[in-house]
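Please read the structure below before turning to the comments.
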Amino acid sequence: MSSAPILKIDQIDVFYGDFHALWDVSLTISKGDIVSIIGANGAGKSTLMYTIAGQHVPANGTIEFMGDRIDGMGPHLSVGKGIALVPEGRRVFPRLTVYDNLIIGAYTPRARANIDENIKKIHDLFPILAERGNQRSITLSGGEQQMLAIGRALMSEPELLLCDEISLGLAPVVIKSIYKQLEVISQEGLTIVLVEQDVKRSLRFADYAYVMLEGKIALQGKAVELGEDQVKKAYFGM
Ligand code: ATP
């Protein structure tokens with residue numbers, strides 16, 4: 001890891017009613033890093049992402065973002081502080097145009113002041129969103145919707161971008177082009193956390209990776225130092 005931590009999670013537990021979904025989870029993310037959270041279905045990856053985004057409150061433990069406690073803050077305040085989530089399944093507003101979906105992302109005061117500049121940046125990143133600006137989002141392909149979901153999240157000018165299963169159901173060529181653009185924004189200093197089921201892609205793309213198993217961190221390390229076999233063993237609890 002390179003520089004000071006932007007996000008520090010210390011021993012959090014998260015419950016859904018009586019169900020214990022995250023167990024004593026700790027992780028530290030450095031500014032500008034790309035971090036992958038890998039794990040099988042039901043391992044707790046989305047729960048972790050939504051907890052960072054303020055949508056679940058940990059029963060124990062703390063979450064610090066840029067030096068401030070954010071656990072229990074709620075999603076609106078998390079966005080205001082610079083955390084944006086690209087949710088699993090994209091969840092673009094289908095009847096609104098591509099342009100209006102992007103505008104909806106700009107709901108922090110800081111972002112509202114820079115709408116035109118940010119739209120231009122997103123159009124440079126994903127030119128198809130400029131071409132399709134006046135089209136209803138429901139008419140976009142899956143890959144274009146994913147680009148729109150990422151663009152909408154970027155409109156809030158985040159410091160930390162959380163991407164939940166962005167490659168789900170997309171063709172390899174589309175996944176490749178989306179990942180390439182994420183690399184571009186990462187080089188500009190954005191910190192990115194990715195949830196992925198594809199171990200190979202996760203390790204290739206990330207600086208650091210955490211493997212989750214049954215709500216716990218089973219393995220972690222620099223992506224270049226983690227072997228695919230070692231990760232797969234942790235992934236399956238072998
Ligand atoms: P997937 O890859 O399938 O999305 P995941 O690793 O993201 O899985 P989570 O969605 O975080 O896993 O789920 C972790 C556990 O918490 C699962 O056992 C799931 O059934 C449970 N869970 C998730 N959401 C809820 C909820 N709202 N109420 C009760 N249990 C839930």
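Note that ligands are numbered from 1 as they come in the structure, with each ligand's atoms numbered from 1 the same way. Values reported hereafter were calculated over all heavy atoms of this structure, with side chains retained and with hydrogens, waters and symmetry mates removed.
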Open item on the list: Is it the case that the side chain of Asn101 and the backbone of Phe93 share a donor-acceptor pair, with hydrogens and angles ignored and the cut-off at 3.5 Å?
Closed with: yes
Task: salt bridge (charged side-chain N to carboxylate O under 4.0 Å, His left out) assessment of Asp116 paired with Lys120 - done: CA-CA 6 Å; Asp116 291 345; Lys120 184 176 179 320; over 6 Å; no
TODO: Please determine if Glu64 and Arg69 form a salt bridge, counting it only when a charged side-chain N lies under 4.0 Å from a carboxylate O.
DONE: no
Task: Ser46: numbered ligand 1 atoms lying under 4.0 Å from its heavy atoms - done: 4 (O), 5 (P), 7 (O), 10 (O), 11 (O)
- [ ] Taking atom 20 (O) of ligand 1 as the reference point, report whether a protein heavy atom occurs under 4.0 Å from it.
- [x] no
Open item on the list: Among Gly44, Ala21, Gly17, which one puts a heavy atom closest to atom 12 (O) of ligand 1?
Closed with: Gly44
Open item on the list: I'd like to know whether ligand 1 has Gly39 as a neighbour, heavy-atom separation below 4.0 Å.
Closed with: no
Open item on the list: So which atom in Arg91 and which in Tyr50 form the shortest heavy-atom distance, rounded to 0.1 Å?
Closed with: NH2-OH, 3.4 Å
Task: Test item: Thr139 side-chain N/O and Gln135 main-chain N/O as donor-acceptor pair under 3.5 Å - done: no
Task: Side-chain donor-acceptor pair present, Thr191, Glu159, cut-off under 3.5 Å - done: no
Task: For ligand 1, the portion of Met212 having any non-hydrogen atom under 4.0 Å away - done: neither
TODO: Starting from atom 29 (C) of ligand 1, find the nearest protein heavy-atom neighbour and note its residue, name and distance.
DONE: Tyr16 CB, 3.4 Å
Open item on the list: For Phe205 and Tyr179, take the angle between the two ring planes, folded into 0 to 90°, and tell me which bin it lands in: parallel under 30, tilted 30 to 60, perpendicular over 60.
Closed with: perpendicular
Open item on the list: Taking the six-membered ring for Trp, are Tyr16 and His56 closer than 6.0 Å centroid to centroid?
Closed with: yes
- [ ] Please report which non-hydrogen protein atom sits nearest to atom 3 (O) of ligand 1, along with the residue it belongs to and the distance in Å to one decimal place.
- [x] Asn41 OD1, 3.2 Å
Task: Protein residue, atom and distance nearest to atom 8 (O) of ligand 1, heavy-atom basis - done: Gly42 N, 2.7 Å
Open item on the list: Just to confirm my output: which protein heavy-atom neighbour is closest to atom 2 (O) of ligand 1, and how far is it?
Closed with: Lys45 NZ, 2.8 Å
Open item on the list: Assess whether a salt bridge exists between Lys31 and Asp33, defined as any Lys/Arg side-chain N lying under 4.0 Å from an Asp/Glu carboxylate O.
Closed with: no
- [ ] Under 4.0 Å from a heavy atom of Phe19: give me the atoms of ligand 1 that qualify, with their elements.
- [x] 15 (C), 16 (O), 18 (O), 21 (C)
- [ ] Heavy-atom contacts with Ala40 under 4.0 Å: which atoms of ligand 1 show up? List them by number with element.
- [x] 6 (O)
TODO: May I ask you to say whether Lys45 pairs ionically with Asp164, meaning some side-chain N is under 4.0 Å from a carboxylate O?
DONE: no
- [ ] Ignoring angles and geometry beyond distance, decide whether Ala43 reaches within less than 3.5 Å of ligand 1 through its nitrogen or oxygen atoms.
- [x] yes
Task: Those atoms of ligand 1 less than 4.0 Å from some heavy atom in Thr47 - done: 9 (P), 11 (O), 13 (O), 14 (C)
- [ ] State the atoms of ligand 1, each with its element, that fall below the 4.0 Å cut-off from a heavy-atom position in Glu165.
- [x] 2 (O)
Task: Closer than 4.0 Å: a protein non-hydrogen atom to atom 31 (C) of ligand 1 - done: yes
Task: Top protein contact for atom 4 (O) of ligand 1, by heavy-atom distance - done: Glu88 OE1, 3.5 Å
